[in-house]
Amino acid sequence: QVQLVESGGGSVQTGGSLRLSCGGSEYIHHNHWISWFRQAPGKEREWIAAFYTGGGDPYYSDSVKGRFTFSHASYTLYLQMSSLKPEDTAMYYCAARNSPVFSQWEKEYDYWGQGTQVSVSS
């Protein structure tokens with residue numbers, strides 16, 4: 001069973017930064033799409049960033065492009081979040097898709113972490 005574990009969430013003020021981590025088994029680090037999603041209270045889950053462990057550049061949604069950066073080292077993936085805004089407040093999840101085809105649809109992801117909370121105050 002593949003497990004993903006997120007960490008790094010917390011509370012910051014507007015303009016602050018956080019770095020989220022997503023750890024998983026070696027399996028997902030070969031030819032999987034790893035995405036970050038977030039879900040704010042009362043809203044649907046939103047895709048925000050993706051990275052293919054088989055190579056290539058990350059993808060970002062317009063809502064985070066230029067502020068969030070996906071990176072990886074060993075078997076951990078990171079989402080560096082800068083210039084945070086109150087509207088970034090949400091539960092953040094990492095997810096893995098066993099396919100070479102990119103998708104931003106949560107139903108097409110095979111493995112999920114438990115989530116880590118990010119709160120941004122004004």
Side-chain angles (χ1 to χ4, degrees):
Q1 180 71 20
V2 175
Q3 289 187 323
L4 300 177
V5 180
E6 303 97 335
S7 62
S11 298
V12 296
Q13 293 187 328
T14 297
S17 299
L18 285 172
R19 188 176 76 162
L20 305 184
S21 301
C22 175
S25 65
E26 179 181 353
Y27 172 70
I28 66 166
H29 294 274
H30 300 282
N31 302 323
H32 278 65
W33 278 97
I34 309 298
S35 277
W36 286 95
F37 291 81
R38 66 185 181 186
Q39 188 167 21
K43 295 188 176 181
E44 293 186 351
R45 194 169 296 185
E46 172 193 16
W47 170 83
I48 58 171
F51 175 75
Y52 185 56
T53 57
D57 294 326
Y59 296 169
Y60 301 98
S61 69
D62 289 342
S63 62
V64 307
K65 193 177 298 180
R67 300 187 299 122
F68 291 11
T69 304
F70 213 138
S71 64
H72 63 101
S74 297
Y75 296 126
T76 303
L77 298 116
Y78 302 97
L79 187 68
Q80 178 68 47
M81 307 188 298
S82 303
S83 302
L84 284 163
K85 307 174 183 180
E87 51 263 45
D88 294 318
T89 294
M91 184 71 80
Y92 283 70
Y93 300 89
C94 67
R97 169 173 162 79
N98 183 12
S99 170
V101 179
F102 167 67
S103 174
Q104 62 180 305
W105 307 113
E106 61 176 300
K107 292 182 179 180
E108 296 186 352
Y109 280 76
D110 304 295
Y111 311 108
W112 289 82
Q114 81 290 349
T116 186
Q117 178 68 41
V118 171
S119 299
V120 184
S121 59
S122 57

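Quick caveat: nothing in here was measured; it's all calculated off a predicted structure.
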**Prompt:** Salt bridge between Lys85 and Asp88, side-chain N to carboxylate O under 4.0 Å?
**Reply:** no

**Item:** disulfide (SG to SG under 2.5 Å): pairs with one or both residues in residues 79-122, sequence neighbours excluded
**Value:** Cys22-Cys94

**Message:** Can you confirm whether Ser119 sits close enough to Thr89 that some side-chain heavy atom of one is under 4.5 Å from a side-chain heavy atom of the other?
**Reply:** yes

**Item:** Distance-only polar pair, side chains of Ser35 and Tyr109, donor-acceptor under 3.5 Å
**Value:** yes

**Prompt:** Where is the tightest heavy-atom contact between Ala90 and Ala40, given as atom of each residue plus distance?
**Reply:** CB-N, 3.8 Å

**Asked** To the nearest 0.5 Å, how far apart are CD1 in Ile48 and CZ in Phe70?
**Response** 9.0 Å

**Asked** What's the spacing between Glu106 CD and Arg97 CZ if we round to 0.5 Å?
**Response** 13.0 Å

**Message:** Check this for me: Glu87, atom CD, are more than 12 non-hydrogen atoms of other residues, nucleotides or ligands nearer than 6.0 Å?
**Reply:** yes

**Prompt:** Hey, is CD on Gln13 packed in by over 12 heavy atoms from elsewhere, all under 6.0 Å?
**Reply:** no

**Asked** Does the side chain of Tyr78 come within less than 4.5 Å of Leu20's, by heavy atoms?
**Response** no

**Message:** To the nearest 0.5 Å, what is the distance between OG on Ser7 and CZ on Arg19?
**Reply:** 9.0 Å

**Request:** Would you confirm whether Trp47, through its side chain, and Ala49, through its main-chain N or O, come within 3.5 Å as a donor-acceptor pair?
**Result:** yes

**Item:** Thr14 side-chain N/O to Ser121 backbone N/O, donor-acceptor pair under 3.5 Å
**Value:** yes

**Asked** Can you list the steps and then say if Glu46 with Ser63 is a side-chain hydrogen bond (donor to acceptor under 3.5 Å, both in side chains)?
**Response** CA-CA 10 Å; Glu46 172 193 16; Ser63 62; 3.1 Å; yes

**Prompt:** Just by modelled atom types, is the Gln114 backbone N or O under 3.5 Å from a matching donor or acceptor in the Glu6 side chain?
**Reply:** yes

**Shortest non-hydrogen contact between Gly56 and Phe51, atoms and distance** = O-CE1, 3.6 Å

**Message:** Which label fits Phe102 and Tyr59: parallel for a plane angle under 30°, tilted from 30 to 60°, or perpendicular past 60°?
**Reply:** perpendicular

**Asked** Is there side-chain contact between Phe68 and Leu18, with heavy atoms separated by less than 4.5 Å?
**Response** no

**Request:** Look only at the side chain of Tyr92 and the backbone of Gly8, and say whether a donor-acceptor pair between them is shorter than 3.5 Å.
**Result:** no

**Flag side-chain contact, heavy atom, 4.5 Å: Ile34 against Tyr52** = no

**Request:** Kindly work out whether a path of hydrophobic side-chain contacts (I/L/V/M/F/W/Y, heavy atoms less than 4.5 Å apart) joins Val12 to Val118.
**Result:** yes

**Message:** For Asn98, is there any backbone N or O sitting under 3.5 Å from a side-chain donor or acceptor partner on Asp110?
**Reply:** yes

**Request:** Over 60° means perpendicular and under 30° means parallel, so classify the ring planes of Trp112 and Tyr93, tilted if in between.
**Result:** perpendicular

**Asked** Tyr111, Trp33: one ILVMFWY side-chain cluster at the under-4.5 Å cut-off?
**Response** no

**Message:** Using every non-hydrogen atom in the two residues, find where Glu108 and Ser103 come nearest and quote the distance to one decimal.
**Reply:** OE1-OG, 2.6 Å

**Prompt:** Closest heavy-atom contact between Arg67 and Ser83?
**Reply:** NH1-O, 2.9 Å

**Prompt:** Do you know the tightest heavy-atom contact between Lys43 and Gln39?
**Reply:** O-NE2, 3.1 Å

**Asked** Cation-pi between Arg45 and Phe37: NZ/CZ under 6.0 Å from ring centre and within 45° of the ring axis?
**Response** no

**Request:** Ignoring hydrogens and angles, state whether a donor on the side chain of Gln80 or Thr69 is under 3.5 Å from an acceptor on the partner side chain.
**Result:** no

**Request:** State whether the number of non-hydrogen atoms from other residues, nucleotides or ligands found under 6.0 Å of Gln117 atom CD is greater than 12.
**Result:** yes

